[in-house]
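Heads up, the thing below is written out as structure tokens.
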Amino acid sequence: MPTSELQKTYNPADVEDRWYRQWESKGLFHARVTPGKKPYTVVIPPPNVTGILTMGHVLNETIQDILVRWKRMLGFEACWIPGTDHAGIATQNAVEKSLGREGRNRHDLGREEFVKLVWKWREEYGGMIIKQLRKLGTSCDWERERFTMDEGLSRAVNEVFVRLYEKGLVYRGKYIVNWCPFHQTAISDDEVEVVATNGNLYYIRYAVEGSSEQAIVATTRPETILGDTAVCVNPKDARYKHLVGKTAILPIVGRKLPIIADEYIDMTFGTGMMKVTPAHDPNDFILGQRHDLPQINIFDVTAHLNESAPKQYEGMDRFECRKQLIRDLEAGGHLVKMEHYTHNVGRCYRCDTIVEPYLSDQWFVKMKPLAAPALRVVYEGKVRFHPERWQKVYENWIMNIRDWCISRQIWWGHRIPVWYCADLVKPECKEPIVARTAPAKCPHCGTKNLRQDDDVLDTWFSSWLWPMSTLGWPSDTEDLRYFNPTDTLVTAPDIIFFWVARMVMANMEFMKGIPGAHGKPRKSDDELIPFRDVYFTSIIRDERGRKMSKSLGNSPDPLDVIAKYGADALRFTVAYLAPLGQDVLFSTEKCEIGRNFANKVWNAGRFLLMNKLELIGEKPLDVSRLPEEHLDLADRWILSRLNRAIKDFNDALDGFRINEASKVLYDFIWHDFCDWYVELVKTRFYGDETPETKGRVVVRALWIFDKALRLLHPVMPFISEELWQQVASRGDESLVRAEFPAADNRWIDAKTDGEMDFVQKLIEAVRNIRGENNIAPSKDISVHVRLANGAGEQVFESYAQYFRKLVRIENIKILTGSARPRPASSAVVDGTEVFVPLEGLVDIDSERKRLEKEISRLQKLVDSIEQKLGNPQFSEKAPKEIVEKEREKGKNFRASIEKLEGSLAELS
RNA sequence: GGACGCUUAGCUCAGCUGGUUCAGAGCGCCGCCCUUACAAGGCGGAGGUCGUAGGUUCGAACCCUACAGCGUCCACCA
């Protein structure tokens with residue numbers, strides 16, 4: 001688009017898709033193994049294949065993209081691997097739901113057909129989120145896109161299962177697991193959400209055989225008495241000692257229950273007597289094993305009562321049964337009482353169904369042996385968490401780690417690579433056959449009649465391999481050697497256990513066999529970790545502080561937001577609002593911050609390009625060299641500010657302070673560059689300098705703008721590229737791979753900053769006088785100045801042009817001696833007195849108030865300084881330069897006060 | 001029950017290692033301005049005892065302790 005057609009208002013829709021297509025088609029995001037170049041690798045936390053883009057993703061992916069683009073421009077071989085997760089339960093759910101709408105269920109189809117359908121479904125609707133990410137501008141290496149059920153990744157899953165099995169770390173066991181009756185599968189402890197719930201505590205009376213005594217137990221889940229196989233008391237409990245060894249009679253069922261003793265029982269809870277139901281409570285299960293009690297499972301997989309229950313309850317839903325049973329117990333005189341009681345109830349975190357502790361055969365991973373190295377590397381700071389406090393959470397979890405239930409009773413996922421001999425010819429045939437690929441026959445009896453385990457693996461069993469499997473593991477690939485360990489993981493803290501911790505374990509265990517980039521086996525922890533830094537993003541909440549969720553309907557659709565404000569605006573806003581480790585309260589309107597900023601940048605470019613056109617013409621510009629001739633204060637100052645901004649931006653990103661980096665950009669571009677520098681440059685464009693000089697000024701301004709756009713690019717890739725291409729002729733080059741500016745300390749100059757600061761304050765003082773006295777902006781005024789130390793008159797002269805333009809001063813007079821205009825409005829800046837003669841315009845009262853306010857502000861400062869200096873301890877203990885500085889400050893403030901008081905006296 | 005985080009202007013939040021005119025920004029509000037980049041803008045202004053109470057220190061928004069309110073995570077006694 002020719003410069004002359006630059007719109008007055010930035011329109012992102014004109015720009016974004018066009019650039020994304022170009023970047024992608026030119027392969028600018030593709031990373032390859034490049035010896036001699038340092039890699040910078042990021043793996044995306046793979047979103048659910050069913051997922052659509054949410055604000056949470058926007059925050060995550062924006063942060064990753066900022067880091068990746070920044071590193072790419074810094075010269076790293078930046079590799080950002082995208083992909084999706086098959087998300088077993090969630091995806092199966094979604095497909096079953098759509099089946100349900102046709103009045104069918106998965107059992108109608110059968111396993112094979114159903115799985116086929118899910119694959120088909122994935123082809124059609126899956127991976128939406130991947131397309132949406134492009135709208136956000138993420139610079140993922142799409143050639144490397146992976147899916148957790150890809151062939152290669154599935155191979156990795158089987159390999160890991162077999163290796164762990166061979167090492168004795170995978171085992172099969174009957175355990176109480178968290179059973180979701182809705183999904184009809186076990187879920188891991190971490191997938192259970194515990195919610196405090198109002199319920200009842202029921203006291204139930206059991207008769208004691210051969211005795212007039214009774215055993216009263218308390219329970220929140222009375223229906224489970226049907227599975228009771230004992231009653232238990234604490235051996236130290238004097239009340240019940242004599243009952244131990246006797247037999248209680250289970251009401252309704254009539255089963256005989258031994259009364260046993262165990263330290264586990266809390267004597268102070270309820271009656272101090274507990275019913276034991278080994279098949280339906282994890283603690284009872286352990287107790288049952290210890291005392292060799294039978295396990296009676298009374299539920300089927302949907303938590304309806306099974307044939308182990310008395311006939312009248314068989315087939316009932318668990319809660320229905322509870323009601324009926326209470327009625328029956330009451331009728332039989334077995335219900336002693338019930339109390340309101342708040343207890344914790346576990347729910348399935350995906351469907352909210354109350355989880356049932358359920359006895360079943362499951363596969364587990366022994367975690368303790370894997371945990372030790374994972375703890376060590378974090379403890380030793382090889383893997384660093386940002387913010388740091390998550391380290392404690394991580395350590396705490398690992399130190400109390402429990403075995404991981406990895407089997408799921410669903411159909412969508414990696415089927416467990418275990419087969420069973422169906423013929424059972426020899427006794428050894430009972431052994432499960434664990435193999436990387438389907439075995440042809442039973443190794444013991446040779447039959448081909450084999451049956452694969454029905455279960456699939458927990459989704460996280462593939463996710464925990466992500467930083468390896470996406471790079472080719474278990475094969476020893478160049479990619480794996482070069483790009484693993486990855487550098488930064490950006491993820492939400494709620495999956496620190498599910499995912500982050502397990503990735504550390506997996507990488508450390510399974511990368512041992514893969515050489516590092518140097519070609520030798522990996523030995524040290526530094527080479528075995530999956531990533532060096534973990535950035536935990538904030539949680540996005542709505543403006544009322546509620547978590548964004550589909551059910552609340554409070555999560556804006558990011559695509560709508562992008563359509564309305566632009567991707568750059570959304571990215572900037574989110575980055576700007578996201579302090580490290582703090583929640584973000586987001587509302588769509590906040591994107592105005594980013595949109596306005598984009599518009600500001602756009603118009604700065606528009607202004608400079610318009611002037612370039614006018615002064616230099618259409619010919620393409622070369623901004624590779626900074627014109628250093630005739631630098632004035634403004635030039636030196638903006639160069640100083642620019643280089644500070646570069647430094648600050650880099651420092652902020654090095655420390656993962658994304659919001660601070662964004663603020664650096666905002667402040668530099670808006671406040672320094674636009675508000676001051678561009679305004680000052682105008683004095684030259686419109687002044688009486690030669691066309692050559694003006695041309696140099698515009699080239700210089702564009703040179704600085706070029707650097708600003710490079711700085712901006714990681715955060716706002718689209719607008720920066722669009723403008724950058726127009727600033728100069730770039731040939732084939734894109735900003736995506738342009739060099740990131742390096743801070744040049746030569747230009748950072750405190751003296752220049754100070755001088756400019758003085759000028760700015762003078763200008764602000766005059767503006768303040770104008771504003772407070774309601775002087776029309778169009779009215780020219782004169783200013784009289786008495787310099788602080790008499791010196792610097794020439795210096796001041798050189799600023800004069802700034803004043804003329806920025807505060808519309810037609811006449812500046814340097815005062816010597818004690819003369820002053822009157823009536824006048826006045827101010828003191830760093831000891832320099834400023835007078836604006838205002839014949840007939842000064843409102844004496846308001847002028848007095850202005851001066852008094854300033855005096856009292858200064859007086860407060862003087863007071864606090866004098867208090868400090870008056871304290872002998874201060875001058876003794878505080879560092880010399882601090883004391884000296886305070887003394888100096890006090891002196892200056894007092895001098896200013898005196899001058900202001902002089903002006904005040906003049907008023908009357 | 002345990003751990004962690006937050007509390008600063010009307011709103012949303014910065015403030016990294018205690019000392020720079022440290023009490024800030026954006027929005028909102030008030031006043032002036034369509035000044036040839038931008039009204040999605042410019043200029044000026046009003047607004048806060050930094051949750052409460054102690055403590056450490058020459059000096060505290062910042063460090064320590066307790067408390068209150070809000071929030072998150074973990075564990076769990078039936």
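Just so we're on the same page: letters track the sequence lines, and every chain starts at 1.
Within 6.0 Å of CD on A:Glu866 lie more than 12 heavy atoms contributed by other residues, nucleotides or ligands.
Taking the six-membered ring where tryptophan is involved, the planes of A:Trp670 and A:Tyr666 are tilted, since the angle between them lies from 30° to 60°.
Nearest to the side-chain atoms of A:Asp675 among the listed nucleotides B:rC43, B:rC38, B:rA37 stands B:rC43. In the set B:rC76, B:rG19, B:rU21, the nucleotide with an atom closest to the side chain of A:Phe874 is B:rG19. Checked against B:rG19, B:rC76, B:rA78, the side chain of A:Asn344 finds its nearest nucleotide in B:rC76. Of the candidate nucleotides B:rA25, B:rG19, B:rA37, B:rA37 has the atom lying nearest to any side-chain atom of A:Met610. Residue A:Val393 places its side chain closer to B:rC73 than to any other of B:rC73, B:rG45, B:rA37. Between B:rG19, B:rC38, B:rA25, one nucleotide has an atom nearer to the side chain of A:Tyr576 than all others, and that is B:rA25. The side chain of A:Arg857 lies closest to B:rU21, out of B:rG44, B:rA37, B:rU21. When distances run from any side-chain atom of A:Asn871 to the nucleotides B:rG26, B:rC58, B:rC38, the shortest one goes to B:rC58. For A:Ile593, whose side chain is taken as the heavy atoms from C-beta onward, the closest listed nucleotide among B:rG26, B:rA39, B:rG19 is B:rG26. Of the listed nucleotides (B:rA37, B:rA75, B:rU12), B:rA75 has the atom at the smallest distance from the side chain of A:Arg402.
On the P atoms, B:rG24 is 14 Å away from B:rU49, given to the nearest whole Å. Comparing the P positions of B:rC13 and B:rC6 gives a spacing of 13 Å, expressed to the nearest Å. Taking atom C1' on both B:rC50 and B:rG15, the two are 11 Å apart, rounded to the nearest angstrom. The same atom, P, is picked in B:rA9 and in B:rG26; the two are 16 Å apart, to the nearest Å. The gap from the P atom of B:rG45 to that of B:rG51 amounts to 27 Å, rounded to the nearest Å. Annotation: B:rA60 and B:rU52 have their P atoms spaced 16 Å apart (nearest Å). With P as the reference atom, B:rA25 and B:rC33 are 25 Å apart, rounded to whole Å.
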Less than 3.5 Å apart, which donor and acceptor atoms pair up between the side chains of residues 196-204 of chain A and the rest of the protein, not counting sequence neighbours?
unit_1   : atom_1 : unit_2   : atom_2 : d
A:Thr197 : OG1    : A:Val195 : O      : 2.9
A:Asn198 : OD1    : A:Thr342 : OG1    : 3.0
A:Asn200 : OD1    : A:His340 : ND1    : 3.4
A:Asn200 : ND2    : A:Tyr202 : OH     : 3.3
A:Tyr203 : OH     : A:Glu339 : OE1    : 3.2

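Phosphate contact (OP1/OP2 of B:rA37, side-chain N/O of A:Asn611, threshold under 4.0 Å): absent. Using a 4.0 Å cut-off, some side-chain N or O of A:Tyr341 falls inside it from OP1 or OP2 of B:rA78. Remark: A:Lys590 is not in phosphate contact with B:rC11, judged by side-chain N or O atoms under 4.0 Å from OP1 or OP2. Proximity of A:Lys600 to the phosphate of B:rG42: a side-chain N or O atom is located under 4.0 Å from OP1 or OP2. Look at A:Trp670 and you'll find a side-chain N or O under 4.0 angstrom from OP1 or OP2 of B:rG42. Residue A:Lys682 places at least one side-chain N or O closer than 4.0 Å to OP1 or OP2 of B:rA37.
In this structure, A:Leu861 places its CG atom 19 Å from P of B:rG59, rounding to the nearest Å. Rounded to a whole Å, the NZ atom of A:Lys392 is 19 Å from the P atom of B:rC73. When rounded to the nearest whole Å, the span between CD of A:Glu764 and C1' of B:rU21 equals 13 Å. A:Asn659 places its CG atom 10 Å from the C1' atom of B:rC13, with the value rounded to the nearest Å. Remark: C1' of B:rG28 and CG of A:Asn596 are 14 Å apart, rounded to the nearest angstrom. In this structure, CG of A:Asp667 is placed 14 Å from C1' of B:rC13, rounded to the nearest angstrom. Taking atom CG on A:Leu680 and atom P on B:rA37, their separation rounds to 14 Å, with Å as the unit. Distance CG (A:Asn599) to C1' (B:rA40): 5 Å, rounded to an integer number of Å.
Of the residues near RNA chain B, A:Tyr666 and A:Trp676, the one whose nearest nucleotide (by heavy atom distance) lies more toward the 5' end is A:Tyr666. Across the interface with RNA chain B, nearest-nucleotide mapping of A:Leu585 and A:Ile882 shows A:Leu585 to be the residue nearer the 5′ end.
Between A:Tyr394 and A:Trp390, a ring centre-to-centre spacing not shorter than 6.0 Å is recorded.
Between A:Glu886 and A:Lys889, at least one side-chain N (NZ, or NE/NH1/NH2) sits under 4.0 Å from a carboxylate O, which counts as a salt bridge. Salt-bridge formation is not detected for the pair A:Asp648/A:Arg644: no Lys NZ or Arg NE/NH1/NH2 atom is positioned less than 4.0 Å from an Asp or Glu carboxylate oxygen. Between A:Lys751 and A:Glu755 a salt bridge is recorded (basic side-chain N to carboxylate O distance below 4.0 Å).
Using a 4.0 Å heavy-atom criterion, one finds that A:Gly272 contacts the bases of the nucleic acid, with or without backbone contacts as well. The residue A:Pro493 sits apart from the nucleic acid: no heavy atom pair falls under 4.0 Å. Residue-level contact check: A:Glu886 touches neither bases nor backbone, having no heavy atom under 4.0 Å from any strand. As judged by a 4.0 angstrom heavy-atom cut-off over every strand, A:Val883 is placed among residues making no nucleic acid contact. Across all strands shown, A:Thr220 has heavy atoms under 4.0 Å from sugar-phosphate atoms exclusively, and none from any base.
Applying the 90° criterion around 0 to the glycosidic angle, B:rG47 comes out syn.
Taking all atoms of both residues into account, the shortest heavy-atom contact from A:Leu570 to A:Cys591 is CD1-SG, 3.8 Å. Across every non-hydrogen atom of A:Leu608 and A:Ala701, the tightest pair is CD2-CB, 3.7 Å.
Side chain of A:Asn234 to main chain of A:Ile265: a donor-acceptor pair is present (N/O by atom type, distance under 3.5 Å, no hydrogens or angles).
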Report task. In sequence, state the C-alpha distance, the side-chain angles, and the governing distance for A:Phe656 and A:His386, and then conclude on ring pair (Phe, Tyr, Trp, His ring centres under 6.0 Å). Result -> CA-CA 7 Å; A:Phe656 297 98; A:His386 311 272; 4.4 Å; yes
Requested in this report: Tell me, with the steps shown, if A:Tyr10 and A:Trp602 meet ring pair (Phe, Tyr, Trp, His ring centres under 6.0 Å).
Outcome: CA-CA 6 Å; A:Tyr10 174 59; A:Trp602 180 256; 4.9 Å; yes
Report summary line: The dot-bracket string of RNA chain B, counting Watson-Crick and G-U wobble pairs with both distances under 3.5 Å, using [ ] for crossing pairs and | for pairs to another strand, is (((((((..((((.....[....)))).(((((.......))))).....(((((..]....))))))))))))....
Polar-atom pairs under 3.5 Å, protein N or O versus N or O of nucleotides 5-7 of chain B: list them with distances, or write none.
unit_1 : atom_1 : unit_2   : atom_2 : d
B:rG5  : O2'    : A:Gln582 : NE2    : 3.4

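Residue A:Glu722 is tested with A:Asp14, A:Leu709, A:Val15, A:Asp568 for a side-chain contact (heavy atoms from CB on, under 4.5 Å); the sole match is A:Val15.
A donor and an acceptor atom never sit less than 3.5 Å apart when one is taken from the side chain of A:Glu395 and the other from the base of B:rA3.
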